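Here is the structure we will look at.
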Amino acid sequence: ARAPSWGFAWPPVALAAFSVIAGLAPIIVNTLVKSATIAIDPAAKPKDVVLWAGFNQALLWSTIIIAAGIALAVMRHRVEALQTSVGAITRKAPNDDRIFWGIVTGALSFAKRTTRVVQNGSLPIYLMIILSVTAIGSALPAFWALGDLPDWYGDWVHIPIAVLIVGSTIGATVVKRRIAAALLLGAVGFAMAGFYVSFGAPDLALTQFAIETLATVLFVLVLRFLPRSFVDTRAAILGPLRLVVSISIGVCVFVLALAATGARSDVAAPSISDEMLERSVPDGKGSNVVNVILVDFRGLDTLGEVTVLLVAALGVVALARAARRPGDARPGRLEAFGRLPLVDVSSRLLYANIFILSLYFLFAGHNQPGGGFVGGLTAGAAISLRYVAGGVAAVRSAIAFRPWTVLASGLVISAVTALVPLVTGNDVLEHADYEGTFWLIGKLKVTSALPFDIGVYLVVVGLVLMAYEGFGERGDFDDDGNLISDEPEMAQS
C-alpha cells in the first residue's frame, strides 16, 4: 500500500501542531476556553489554562498511563504470547458476537415455528385472532369504566328493529347459500338505518340506506364468481372454538358500546357536538352540521379519504383484471333480466329519477339531509339498476365517461377547491361564499363547499363504475386487457 497523499495527512498534522503551540503558549486558547465554559455553564468559574498546574491527580494518572504504555511496549513479545494462550482457552467461550448471532438465530427459528401455526393461510383463523385481540383488548378497559346502564330499549319502536337485526344476524350465520347470507347482511344494515331514523339522524340513515343497497348489489356481483353454497371443511373442534370467540367478541363490543354511551352522558365533560352546532351556520354557512363537518371543519380528512378511495378502486380493478384469464367468464345471473322488456323500461325510468334524486342530495346537502357522499351513493344505486337491467353495456351507454376519468376529475376538483385559498393568502380549505340574483333563477347562494362536494360525488360515482369494470365485465380479453365481447347472455337455470 502506498503512503497517503499530503491532502489526506495535513488535517491531523495541523491539529497536532496547533496542540503543541497552544500547549507551550496557553494564552492563545485561554480566552476561548473560558468563553466556552461560561457558555455551557453560566455559573462556572473557569481557571486559566496553564502549561504547568503543579502536582495533582491529573498528572498522577497521566504518569501511570504513560508508564503502563512503555511497559507494554517493552514486554510486547511476552504480552503477545500471553494473549495467544488466553485466546486458545477463550476462543470457544461465549462472546458478544456469538451471543448476538445466537439471539438472532433463535428469534428466526421461533418466528418460523410461530408462523407455521399463526400464518397458516386460513382466513377464519386470521379473523378470529385479529377480532379477539382487537375487541377484547379495547373492551377490557370498558369493563372498569362501566357505570350506570342506559335504558334497555328507549322507545317501543326500537324493539322490532332490534329483533330484526338479531334475527338477520343469526340467519346470516346459519344459511348455506352465499346469496342468502348477503341479503341477510343487507337486512341488518337496513335495520340499522331504521335505528338512525328513530334517533333523528336523517343523514346517517340516508347514507346507510344508500350504501347497503349498493353493497348488496356488489356482493351479488362478486358472488357470481364463487360457489353458490358455503363449503364447510373445518375440523370438528373449530366449531365450538368459533362459537366461543364470537360470543366473547359480541359481549366485549356490547360492553364497549355501553361504556361509550355512558361516557357521553357525563354532563361535566364539554360536548364538542354543541360547539359544532353553534359554529355550523356562522362559520360554515350551512345548517346541515354533518355536511359542514365533512366539507368544511374536517374537509382535509375528507380529501384524504377520497384519495384513499381512488387508490383502492384502482388497486381492486387491477387485481380483478389480473386474476381473470381469457375464457374464465361465466354468464352473469344479474344480466338474465336484460331480455325482459318490463324490467328494461322500468329500470330506465327509475334510473333517471334516482339520478335526479342524487343531484338533489348533492346540491341541497349543505342545508338539508344529503351531501356529496350520499348523492354519490344514490347515483351508484341508479348505476346498479342499469347494470341489473342491461349489464356493463347498459352502464357504459348511460355514462359516457370512463370510470377512471370520473374518479380523477372528482379528486382534482376537491383538491383544487382545497388549495385555491392558498393563492389568496388564506389557509387550506378556507371557507368562501357568493350570493347573487340571477334571471329566471332568482336569489342564489353558493359556498366553496359545493365544488368540494361535487368532487366527493364524482369520486364515489367513479368508485362504483370501477367496481363494475372490475367484476361486471364478461367475455374474453385481448393481450392489452381490452374486452372483446360483452354481449348479455341468458343465465342457465
Side-chain angles (χ1 to χ4, degrees), residues 207 210-211 214 217-218 291 294-296 298-321 351-352 354-366 370-387 392-424 428-434 444 446-473 480-483:
T207 304
I211 203 167
L214 185 59
V217 176
L218 293 179
N291 186 259
L294 291 177
V295 301
D296 195 323
R298 301 296 297 273
L300 200 59
D301 290 345
T302 303
L303 182 61
E305 290 164 4
V306 297
T307 305
V308 172
L309 281 177
L310 184 144
V311 175
L314 295 176
V316 167
V317 172
L319 290 174
R321 287 193 167 185
Y351 168 79
I354 296 175
F355 231 113
I356 292 173
L357 178 63
S358 73
L359 294 176
Y360 169 78
F361 286 146
L362 169 63
F363 288 102
H366 205 55
F373 191 71
V374 175
L377 291 174
T378 305
I383 295 171
S384 301
L385 187 63
R386 289 296 296 138
Y387 175 79
V392 177
V395 174
R396 289 175 176 171
S397 63
I399 307 294
F401 302 98
R402 305 298 291 169
W404 37 88
T405 304
V406 178
L407 266 174
S409 300
L411 182 60
V412 168
I413 292 173
S414 295
V416 169
T417 305
L419 298 177
V420 161
L422 292 177
V423 181
T424 60
V428 176
L429 279 168
E430 185 75 22
H431 187 87
D433 60 277
Y434 173 79
L444 181 64
V446 180
T447 67
S448 57
L450 179 59
F452 190 88
D453 241 354
I454 292 175
V456 175
Y457 177 92
L458 292 177
V459 168
V460 176
V461 172
L463 181 67
V464 177
L465 294 174
M466 289 292 280
Y468 287 117
E469 284 288 333
F471 298 101
E473 289 180 338
D480 297 328
N482 298 318
L483 189 66

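Because only heavy atoms are used, hydrogens play no part in the values below, and waters and symmetry mates are left out as well, while side chains stay in. Since we're looking at a predicted model, the values are computed, not measured.
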Could you walk me through whether Phe363 and Asp453 satisfy the side-chain contact (heavy atoms from CB on, under 4.5 Å) test, starting with their C-alpha distance in whole Å, then the side-chain angles of each, then the deciding distance to 0.1 Å, before giving a yes or no? CA-CA 9 Å; Phe363 288 102; Asp453 241 354; over 6 Å; no

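In this structure, CG on Leu450 lies 6.0 Å from CG on Leu362, to the nearest 0.5 angstrom. In this structure, Leu300 CG and Glu305 CD are separated by 10.0 Å, a value rounded to the nearest 0.5 Å. Atoms OH and CG, from Tyr457 and Leu377 in turn, are 10.5 Å apart once rounded to the nearest 0.5 Å. Between the CG atom of Asp296 and the CD atom of Glu430 there is a distance of 8.5 Å, given to the nearest 0.5 Å.
For the pair Phe373/Thr302, no side-chain contact is recorded, criterion being any heavy-atom separation below 4.5 Å from C-beta on. At least one side-chain heavy atom of Ile383 sits less than 4.5 Å from a side-chain heavy atom of Phe355. For the pair Pro403/Tyr468, no side-chain contact is recorded, criterion being any heavy-atom separation below 4.5 Å from C-beta on. Within the 4.5 Å cutoff, side-chain heavy atoms of His366 are placed close to those of Thr447. Contact check for Thr405 versus Ser409: side-chain heavy atoms found under the 4.5 Å cut-off. Counting heavy atoms from C-beta on, the side chains of Val428 and Leu422 come closer than 4.5 Å. Between Leu314 and Leu310, the closest side-chain pair of non-hydrogen atoms falls below 4.5 Å.
Using modelled atom types, one finds no donor on one side chain facing an acceptor on the other under 3.5 Å when comparing Thr378 with Tyr360.
Of all the heavy atoms in Val461 and Ala379, the pair that sits closest is CG2-CB, 3.7 Å. Of all heavy-atom pairs spanning Ala313 and Leu407, the tightest one is CB-CD1, 3.9 Å. Contact between Val306 and Val459 at its shortest, heavy atoms only, is O-CG1, 3.8 Å. Leu465 approaches Val406 most closely through the heavy-atom pair CD1-CG2, 4.2 Å. Closest approach of Leu303 to Ala415, counting heavy atoms only: CD1-N, 3.9 Å. In this structure, Ile354 and Ala382 approach most closely via the heavy-atom pair CG2-CB, 3.5 Å.
Put simply, the side chain of Ser414 never gets that close to the backbone of Leu411: no donor and acceptor are under 3.5 Å apart. Between the Ser384 side chain and the Leu214 main chain, no donor and acceptor come within less than 3.5 Å of each other.
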